[in-house]
Structures are given as C-alpha cells and as structure tokens.
Student: 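There's a structure below that I have some questions on.
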Amino acid sequence: METMQTIVLVTCVISLLSGILDALKPNRKFDRQMRLLLSAVFLLAILAPLTGGLDALQWDWDTDAAVSEDLTSEMKKQTLEYAQENLAQSLQSYLQENGIADASVQVEMHMTDDACIEINRVMVSCTNPETALALLTECFGEEVRIDVENAS
C-alpha cells in the first residue's frame with residue numbers, strides 16, 4: 001500500500017513540475033525535447049518505488065521444479081494410458097478385420113526415461129487363438145510378448 005501511495009505522490013509532483021516547466025519554456029521549438037525529457041523523468045519516477053518492491057519478491061525455484069516434475073510425470077502417465085487404449089482398440093479392429101470378431105485385447109506398455117513408449121505385452125482372449133497369435137506375431141515379430149488364450 002505504501003508503494004502505491006508513493007507512486008501517486010511522485011506522479012502528482014512530476015505532473016506539477018511538468019506543468020511549470022511547460023509554462024517556462026522559451027518557445028515552441030523545444031516541445032519535442034521537453035516532452036521526451038519529461039516522459040523519461042516521469043517514467044523513472046514511477047518505476048523507482050517499484051524497483052524497491054521487486055527486491056522483496058523471491059522466486060522459489062525448488063517448488064517450481066517439483067511442480068514441473070509432477071506435471072511431467074502426470075503427462076507421461078496419461079500419454080501412456082491413451083497409447084495403451086489406442087493400441088488395444090487398433091489391434092481389436094485389426095483382428096476383427098481378419099475374421100476374429102470376439103477378440104478382447106489388453107496391452108501393457110512402459111515409457112523409457114527419454115519418453116519413448118515401448119510395448120511390453122499384448123494379451124488377447126478369443127475363440128480362435130492360433131489365428132490371433134499368427135496375426136499378432138506377424139504384426140509385432142518376436143520383440144513383444146504375446147499371450148493369447150481361448151475364450152470358450
């Protein structure tokens with residue numbers, strides 16, 4: 001509150017001085033120089049009380065880093081969940097297109113430290129496990145663990 005009172009007082013004083021200097025100038029050819037000078041003084045006078053107040057503001061970088069880390073962790077978690085759901089739906093559609101209409105698909109993934117998503121395991125439950133296993137092995141190769149169970 002004191003800072004605001006100081007700014008208002010300084011503004012009033014500078015305005016008063018500005019008016020007096022404007023009345024005392026010798027002729028109109030100094031208008032631009034006078035306006036520039038008064039604007040600079042006015043701006044500096046208003047900013048002076050604020051700079052003293054800015055020293056009191058300290059940014060807590062540790063809290064900022066913790067919040068950023070929490071947000072990044074939450075974003076990675078949501079991205080991984082969406083990727084799992086998307087891949088499961090895509091695989092289910094793929095299996096349905098290839099004649100396995102009753103397939104139920106679940107996917108396990110993880111995110112590496114460099115934010116790469118890797119597929120750990122694909123689990124399928126259907127009435128035609130041999131065909132589903134062949135299709136998924138063709139899709140993923142031997143790099144992903146594929147578990148197919150008979151859903152009879």
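Atom set for the values below is all heavy atoms of this structure, side chains included, hydrogens, waters and symmetry mates excluded.
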Student: If I take atom OG1 from residue Thr79 and atom CE from residue Met109, how far apart are they, to the nearest 0.5 angstrom?
Tutor: 11.5 Å
Student: Can you give each donor-acceptor pair under 3.5 Å made by side-chain atoms of residues 91-100, sequence neighbours left out, with the distance rounded to 0.1 Å?
Tutor:
| unit_1 | atom_1 | unit_2 | atom_2 | d |
| --- | --- | --- | --- | --- |
| Gln92 | NE2 | Ala103 | O | 2.9 |
| Ser93 | OG | Gln89 | O | 3.1 |
| Asn98 | ND2 | Tyr94 | O | 2.8 |

Student: Counting only heavy atoms from other residues, nucleotides and ligands, does the tally under 6.0 Å from CD of Glu143 exceed 12?
Tutor: no
Student: Could you give me the CA-CA distance, side-chain angles and deciding distance for Thr137 and Glu142, then say whether side chain to side chain contact (heavy atoms under 4.5 Å, CB included) is met?
Tutor: CA-CA 7 Å; Thr137 302; Glu142 298 296 324; 3.6 Å; yes
Student: Scan for salt bridge (charged side-chain N to carboxylate O under 4.0 Å, His left out) pairs involving residues 114-128, sequence neighbours excluded, and state none if there are none.
Tutor: Glu108-Arg121, Arg121-Asp147
Student: Mind checking whether Met123 and Leu133 sit in one hydrophobic cluster, side chains of I, L, V, M, F, W, Y counted as touching below 4.5 Å?
Tutor: no
Student: Can you name the one residue among Leu87, Val122, Val148 that meets side-chain contact (heavy atoms from CB on, under 4.5 Å) with Val105?
Tutor: Val122
Student: Any pair with a residue in residues 6-16 that passes salt bridge (charged side-chain N to carboxylate O under 4.0 Å, His left out), sequence neighbours left out, goes on the list, sorted by first then second residue, please.
Tutor: none
Student: Would you kindly confirm whether Met75 and Met111 end up in one hydrophobic cluster when ILVMFWY residues are joined by side chain heavy atoms under 4.5 Å apart?
Tutor: no
Student: To the nearest 0.5 Å, what is the distance between CD on Glu85 and OG on Ser90?
Tutor: 11.5 Å
